[in-house]
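Structure first, then comments.
Everything numeric here is computed off the predicted structure, so don't read it as measured data.
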Amino acid sequence: MGEGYIEVGVVGTTETAEALADFLFSEGALGLVTEDPCEGRAGILIRASFPPASPITQVVVRLADYQRELEALGLAWGDGHIEVRTIPSEDWGKSWKQHFRPLPVGRRLVIAPPWETGRFPEDRLAVRIDPGMSFGTGHHATTRMCLEALEAFLDQWRGDAGPRVLDVGTGTGILAIAAGVLGAERVVAVDTDPEACAGAMKNLALNHTRDRVQVLHGGVEALRPGMRFDLVVANLDTRSLRPVLNPIKTLLAPQGRLVASGILVEEEETLSGAARAAGFRVVTRQSDGEWLCLTLTPEAGDNRSAPPPGS
């Protein structure tokens, strides 16, 4: 991205750092890094990166309001200073190389950058991700919960062939690649951001999954009529997820599953209501801090005693 990106820096404390990080992700941050207290700074520095077209002025205003809310709750909130600066795109990779470390996820996966040369445990399957300017390295709770739900689905699959998986809003391609690595027969990944699609394609090559994973520029409307999937994963915010619930339902095979993350716990009722209206019911619910991950199934296809799809 030639324009670079916008970095928002704020100092938190051990009590507020996680809340501030989650808030910045909810405002559209592509990723963030944290730096522990050091000489000259008592608090934890949080540096979040945003696309260049982001409404940063409004983000900063809301962040300042959120800091005051934390203070009103009796939580320490650092020095209150918010710093905004533009970072050239060529500096993005340097920043991630300093802070992106291998991350075990679930029982069988480890997410690692391409520059990590160390050996991983034999019981872990490596998913290598070069984040570029897209969201998704497994370090945020929403992506991590999606990966765990994806792994659980693949572990229970009993079909002769692997399941068919759709990743909506693929970003770096991390969920699609993980599905391929874990044994999905076919994976289709869609994203409306052409640069995200280009980055996802590069990550497919890093993981040698181009034979199983296809990346398409666009939303669910980019898919051919009649395509059906056993599992759909959608790590999207509630606003983006609600309009695609009906189209996703038409793409699911009987007794298929939708894993939806990117949902704030406070928005659970809103999302659940929209899911019910679209004909879904909740199968499992997982939360991590302020974030929620739901596994849903179409009402007509749900059967609590039924084996996983494909059995």
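The main-chain N or O of Glu268 is found under 3.5 Å from a side-chain atom of Ser272 such that the two form a donor-acceptor pair. Listed for the Thr297 side chain is a donor-acceptor partner under 3.5 Å among the backbone atoms of Gly256. Using modelled atom types, no side-chain atom of Thr142 and backbone atom of Gly262 make a donor-acceptor pair closer than 3.5 Å. A distance-only check finds no donor-acceptor pair linking the side chain of Asn203 to the backbone of Ile129 [under 3.5 Å]. Within the 3.5 Å criterion, the main-chain N or O of Gln255 finds a donor-acceptor partner in the side chain of Arg257. Panel note: side chain Arg212, backbone Arg210; no donor-acceptor pair is recorded below 3.5 Å. Between the side chain of Asp191 and the backbone N or O of Thr170 there is at least one donor-acceptor pair closer than 3.5 Å. Under the 3.5 Å distance criterion, the side-chain polar atoms of Asp288 are left unmatched by any main-chain donor or acceptor of Trp291.
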Worksheet item: When you look at Val187 and Thr209, which way does the side chain to side chain contact (heavy atoms under 4.5 Å, CB included) test go after all the steps?
Response: CA-CA 10 Å; Val187 186; Thr209 50; over 6 Å; no

Worksheet item: Would Arg239 and Glu267 satisfy side chain to side chain contact (heavy atoms under 4.5 Å, CB included), going step by step from the backbone distance to the final call?
Response: CA-CA 10 Å; Arg239 183 183 302 177; Glu267 297 173 339; over 6 Å; no

Discussion item. Please evaluate residues Thr143 and Asn235 with respect to the criterion side chain to side chain donor-acceptor pair (under 3.5 Å), reporting the C-alpha separation (whole Å), side-chain torsions for both, the decisive distance (0.1 Å), and the verdict.
Written reply: CA-CA 7 Å; Thr143 309; Asn235 188 10; 3.2 Å; yes

Discussion item. Between Leu24 and Val10, is the side chain to side chain contact (heavy atoms under 4.5 Å, CB included) condition met? List the steps.
Written reply: CA-CA 10 Å; Leu24 289 164; Val10 62; 4.2 Å; yes

Discussion item. Side chain to side chain contact (heavy atoms under 4.5 Å, CB included) for Ile174 and Asp167? Distances and angles first, verdict last.
Written reply: CA-CA 9 Å; Ile174 184 172; Asp167 179 13; over 6 Å; no

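When side chains are defined from C-beta on, Pro51 does not count as touching Tyr5, because their heavy atoms never get closer than 4.5 Å. Between Leu264 and Thr238, the closest side-chain pair of non-hydrogen atoms is not below 4.5 Å. Looking at heavy atoms from C-beta onward, Cys146 lies in side-chain contact with Leu175 at the 4.5 angstrom threshold. Within the 4.5 Å cutoff, the side chain of Leu166 has heavy atoms near those of the Leu223 side chain. In this structure, the side chains of Val188 and Phe229 come closer than 4.5 Å at one or more pairs of heavy atoms. Using a 4.5 Å heavy-atom threshold, the side chains of Val11 and His81 count as separate.
Other residues, nucleotides and ligands contribute over 12 non-hydrogen atoms within 6.0 Å of the CD atom of Glu290. For CZ of Arg228, the number of neighbouring non-hydrogen atoms (other residues, nucleotides, ligands) closer than 6.0 Å is greater than 12. More than 12 heavy atoms of other shown residues, nucleotides or ligands fall within 6.0 angstrom of atom CZ in Arg124. Around the CD atom of Glu221, the shell of radius 6.0 Å holds more than 12 heavy atoms that belong to other residues, nucleotides or ligands.
By the ring pair (Phe, Tyr, Trp, His ring centres under 6.0 Å) test, Phe23 is found to be paired with Tyr66, residues two or more places apart in sequence or in another chain being considered. Residues forming a salt bridge (Lys or Arg N to Asp or Glu O under 4.0 Å) with Asp65 (at least two apart in sequence, or on another chain): Arg68. By the salt bridge (Lys or Arg N to Asp or Glu O under 4.0 Å) test, Arg107 is found to be paired with Asp155, residues two or more places apart in sequence or in another chain being considered.
Taking both residues in full, the closest heavy atoms of Pro194 and His217 are given as CD-NE2, 3.6 Å, listed atom of the first, atom of the second, then distance. What you find for Val265 and Ser287 is that their closest heavy atoms are CG2-CB, 4.4 Å. Summarising the geometry of Ala149 relative to Val259, their closest heavy-atom pair is CB-CG1, 3.8 Å, with the distance given to 0.1 Å. Of all heavy-atom pairs between Ile46 and Ala21, the closest is CD1-N, 4.3 Å. Nearest approach of Val127 to Ala178, heavy atoms of both residues: CG2-CA, 4.1 Å. Across all their heavy atoms, Gly162 and Glu185 have their closest contact at O-CB, 3.1 Å.
There is no path of hydrophobic side-chain contacts, each under 4.5 Å, that joins Ile177 to Leu206. Residues Leu258 and Val282 share a hydrophobic cluster, clusters being chains of Ile/Leu/Val/Met/Phe/Trp/Tyr side chains in contact below 4.5 Å. Tracing side-chain contacts under 4.5 Å through hydrophobic residues (I, L, V, M, F, W, Y), one never reaches Val61 starting from Ile6; they form parts of separate clusters.
The CD atom of Glu69 sits 12.0 Å away from atom CZ of Arg62, with the distance rounded to the nearest 0.5 Å. If you take CD1 on Ile111 and CG on Leu125, they are separated by 10.0 Å, rounding to the nearest 0.5 Å. Atom CD of Glu18 and atom CD1 of Ile44 lie 10.5 Å apart (nearest 0.5 Å). Going from atom OG1 of Thr284 over to atom CG of Leu294 covers 7.5 Å, rounded to the nearest 0.5 Å. Rounded to the nearest 0.5 angstrom, Arg186 CZ and Gln214 CD are separated by 6.0 Å. The distance from atom CG of Leu182 to atom CD of Glu151, rounded to the nearest 0.5 Å, is 6.0 Å.
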